[in-house]
> 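Pasting a structure below so you can have a look.
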Amino acid sequence: MKELPKVYDPKAVEKKIYDMWLQGGYFKGKIDPEKEPFTIVIPPPNVTGQLHLGHAFDETLQDVLIRVKRMQGYSALWVPGTDHAGIATQIKVEESLREQGISRHDLGREKFLEKVWEWKEKYGGRIVEQLKTLGSSCDWDRLRFTMDEGCSRAVREVFVSLYEKGLIYKGERIINWCPKCRTALSDAEVEHEEKEGKFWHIKYPVKDSDEYVVVATTRPETMLGDTAVAVHPEDKRYRHLIGKKVVLPLMNREIPVIADEYVDMELGTGCVKMTPSHDPNDFEVGQRHNLQQILVMDEEARINENGGKYAGLDRYEARKQVVKDLEEQGYLVKVEPHVHSVGSCYRCDTIVEPVTSPQWFVRMEPLAKEALEVVRDGRIKFVPERFVKNYTNWMENAHDWCISRQLWWGHQIPAWYCADCGHITVSREDPDKCEKCGSTNITRDEDVLDTWFSSALWPFSTLGWPDKTPDLEYFYPTSVLVTGYDILFFWVARMIFSGLEHTKQVPFRTVLFHGLIRDEKGRKMSKSLGNGVDPMEVIETYGADALRFNIITGNSPGNDMRYYNERCEAMRNFANKIWNASRFVLMNLTIGKNELPEKLELEDKWILSKLNSLAKEVNENIDKFELGIAANKIYDFIWDNYCDWYIELTKPRLNGEDEEAKIGAQKVLLYVLTETLKLLHPFMPFITEEIWQALPHEGEALMIENYPEFNEAIDFPEDEAKFEIIMNAIRAVRTRRAEMNVPPSKWPHLTIVTSKKDVFKAGLTYLSKLAFAGEVTITGTQPDVMEGLVGVITNDAKLYMPLAELVDIEKERERIQKELKTAAENLRRTESKLSNQGFLAKAPEEVVTAEKERAEKLRALIENLEDSLKALN
RNA sequence: GGACGAUUAGCUCAGCUGGUAGAGCACCCGCUUGACGUGCGGGUGGUCACAGGUUCGAGUCCUGUAUCGUCCACCA
């Protein structure tokens with residue numbers, strides 16, 4: 001039999017075990033018509049990124065699910081992959097080039113892209129290796145990348161087909177512009193934050209009149225692009241001005257006063273400046289009134305040539321100057337403090353500028369309809385359910401999705417502009433001429449697609465779509481999508497409508513949302529705060545299993561969790577506990593086969609029955625995605641039931657003379673341990689596999705064994721209850737001894753007075769060993785002489801020990817009186833319940849019965865306590 | 001302006017469909033108990049944020065309030 005070291009060393013086994021799994025090919029998803037498929041696609045991490053705790057959370061949940069399903073007999077497939085992460089990656093490469101004093105423009109598009117691919121090759125493997133370190137059982141042969149050939153083809157197909165259906169269009173619209181990344185962003189990519197700002201009230205004089213109107217703005221520099229002032233059509237104050245002109249200060253441009261219902265008469269002065277090129281609302285109004293659009297900023301948000309003397313100034317410089325000039329020229333009425341929401345780029349945190357720009361959009365309304373239905377009617381289930389509301393709200397109000405980005409890294413848009421006729425050719429194959437006029441003078445759109453455009457296709461592009469592959473046929477729709485709630489809109493929503501539109505099926509049946517991992521102060525982990533915890537370091541210190549178990553048990557579905565090293569330490573200790581329990585079993589093992597003995601002792605039945613309930617409950621919890629609860633139950637079973645009780649209980653047999661009893665104990669020890677390792681395996685794959693390999697076994701690997709489930713053959717609820725009676729007695733004696741500071745060397749005679757003599761007889765040896773009893777007498781009648789005896793009372797017995805010399809009478813009296821008091825209080829409450837007619841009439845029978853029993857026991861207890869009190873005198 | 005989440009032991013968190021509150025860590029008292037001191041036995045500690053309501057019975061369901069947090073919203 002194999003010797004295990006005294007302390008579990010994860011570093012010595014994790015790598016070895018992982019390689020063994022790879023060798024065995026156990027991660028491979030195989031099409032098997034006999035089996036039901038279970039598929040997960042990984043939320044692809046940034047190809048050049050590093051694993052952080054958020055990933056670790058995500059991957060652990062997925063790995064637990066996929067391992068459980070694999071063991072349950074499904075044909076399990078977990079598709080891994082990485083994301084090209086357009087902006088994020090491009091920024092990184094540009095930064096590294098900048099250190100060498102090079103900009104991407106110096107290199108040109110083609111050379112720059114070469115650099116990015118090099119970068120991808122250099123760092124692309126890192127995160128994959130880190131996923132393996134965690135234990136992820138992905139099918140690595142199917143590793144995908146959002147810009148690999150297949151995914152690119154899927155992107156192209158989707159773009160063209162949506163264009164053909166009129167669901168993708170190009171238009172000049174207001175979009176969010178990031179002046180630092182110099183690209184358009186979608187609404188989802190803008191983070192809004194309430195900020196202290198100012199509200200500037202400005203006079204606009206009415207032309208040929210002494211009158212003026214006052215408008216207010218939070219962004220005075222945009223007035224350079226004002227092309228109208230709007231009032232409400234029914235506003236009596238301004239009705240006479242409608243159709244007249246006002247003179248735009250500083251620019252001296254005459255702009256019309258228009259009437260539009262958009263204006264709220266109650267708000268401010270009731271006059272609104274219109275800047276159609278720099279405000280989404282104004283843009284809408286502008287469309288209705290055919291207003292001129294004047295863009296006053298360039299792509300770095302500096303004032304452009306349309307901004308008169310302010311041209312060249314940065315937007316905030318321009319703001320200062322504009323305000324100063326307005327003030328000097330007497331146009332500034334007042335300045336108020338004002339809190340308003342400011343949007344920033346989610347990648348670089350620069351404040352975005354709403355500007356009009358020609359971009360590509362996906363029309364959301366037609367796509368949203370079914371995407372809403374499938375979630376409402378449960379064809380896609382959200383766990384926890386509350387996220388349905390977020391989703392619905394977003395989907396119902398989603399604006400058209402701006403998908404073009406002014407970047408180089410990504411899927412270039414397959415659209416060609418004809419220089420001769422202006423037609424746009426959108427095509428699956430690169431065209432060499434305009435499809436309309438045949439001119440060869442065509443140029444391809446420079447822009448690339450939003451990263452999330454390709455991610456949206458991930459569940460089916462990774463399975464071979466647009467081809468009708470056997471994989472797609474078998475493994476799609478996928479089963480569960482596991483992801484953080486923070487990318488519900490970015491990704492989950494878009495996968496849903498994309499899946500429906502292109503595959504006519506839901507992309508997944510269930511979405512399991514998890515929260516964010518925060519630092520110990522509850523803050524988001526971020527680079528700028530420097531509070532990030534590197535999972536690789538955690539694994540180095542505590543082992544992957546400890547990290548996984550910490551993450552799984554430390555949270556409830558959908559909620560954020562704080563990361564504590566202390567918890568990892570506790571989980572490492574747990575791993576060590578299992579390790580040593582297994583060592584114990586191994587060093588006592590003389591058998592080579594795992595089977596249950598013919599004859600089972602009471603405690604055997606107890607542990608087997610406990611194990612059986614555990615298996616049942618764990619399966620139920622996992623079905624409901626309550627992974628943390630399942631893991632906790634396994635933890636408790638191993639530590640409390642198996643280690644602290646059962647192992648101790650087997651020692652008399654193992655160390656005794658009776659060969660049959662010895663073998664019997666070994667068999668049950670081995671059986672229960674093996675089943676427990678199976679239950680625990682998905683959560684702590686490495687240590688369980690390592691131990692299993694050291695135990696007598698038949699299969700190749702624990703990870704492909706069958707997951708335990710409820711088994712009638714080891715279900716002994718009555719014996720389980722009987723044994724609990726003995727356990728209670730043992731606990732009561734221990735408590736008593738501890739209270740009285742009885743030295744461990746003292747093993748007094750124990751007299752048990754009980755009506756359940758059989759039960760106690762069956763547990764005789766264990767009573768003496770675990771309750772430190774010298775001799776044990778089991779009787780149905782009270783001892784004749786009570787003097788000098790110390791009593792303990794349980795629900796089923798009175799136990800006496802001759803320990804009088806250790807008793808401090810005063811203390812003892814106090815103790816009993818205290819116990820008496822609580823017992824009396826409990827009895828009072830129980831009796832008041834039982835005298836309540838409503839309770840008797842309406843509570844379920846078993847609750848009433850339980851209450852009656854409780855009352856009886858309390859009465860007996862009180863009687864016993866009173867006797868003991870008397871005996872003290 | 002909406003929506004959601006949190007509020008339970010000193011700390012971090014569990015607590016499913018309502019039946020007299022749990023874990024880990026911390027703390028206190030014991031223990032060289034032949035698997036494990038990364039351990040063993042015992043223990044202290046909670047009017048489950050607050051106010052109402054439903055119910056025989058409410059951390060658990062309903063309504064409202066407070067504090068903290070998050071998301072959404074075209075709030076000149």
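Below, chains carry the letters A, B, ... as their sequence lines are ordered, and counting in each starts from 1.
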> Indicate yes or no for a side-chain donor-acceptor contact from A:R548 to the backbone of A:F683 under 3.5 Å, with no hydrogens or angles considered.
yes
> Taking any strand in view, what nucleotide pairs with B:C48 in a Watson-Crick or G-U wobble way, both distances under 3.5 Å?
none
> Regarding A:H289 and A:D260, is there a side-chain donor-to-acceptor distance under 3.5 Å anywhere?
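On atom types as modelled, these side chains qualify, holding a pair under 3.5 Å.
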> Using a cutoff of under 3.5 Å, can you pull out all pairs of nitrogen or oxygen atoms linking the protein to nucleotides 44-47 of chain B, with atom names and distances?
none

> Looking at B:A35, I'd like to know if its phosphate oxygens (OP1 or OP2) sit under 4.0 Å from a side-chain N or O belonging to A:K651.
yes
> So, A:D226 and A:Y204: side-chain donor and acceptor under 3.5 Å apart, yes or no?
yes
> Between P on B:A35 and CD on A:Q666, what's the gap in Å once rounded to a whole number?
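Rounded to the whole Å, the gap is 14 Å.
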> How many whole angstroms separate atom NZ of A:K633 from atom P of B:G22?
15 Å
> Below 4.0 angstrom from OP1 or OP2 of B:A76, is there any side-chain N or O of A:T217?
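Answer no for this pair, as no side-chain N or O of A:T217 is under 4.0 Å from OP1 or OP2.
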> Could you tell me the separation between the CG atom of A:D640 and the P atom of B:C36, rounded to a whole number of Å?
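Whole-Å distance recorded here is 19 Å.
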> Below 30° counts as parallel, above 60° as perpendicular, anything between as tilted: where do the rings of A:F574 and A:Y635 land?
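Tilted.
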> Using nucleotides 1-4 of chain B, report all nitrogen or oxygen pairs with the protein that are shorter than 3.5 Å.
unit_1, atom_1, unit_2, atom_2, d
B:A3, O3', A:K389, NZ, 3.4
B:C4, OP1, A:K389, NZ, 2.8

> With distance as the sole criterion, is a donor-acceptor pair present between the side chains of A:E191 and A:Y346 under 3.5 Å?
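A:E191 vs A:Y346: no donor-acceptor pair found between side chains.
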> Give me, pair by pair, the N or O atoms of the protein and of nucleotides 10-12 of chain B that are less than 3.5 Å apart, along with how far apart they are.
none

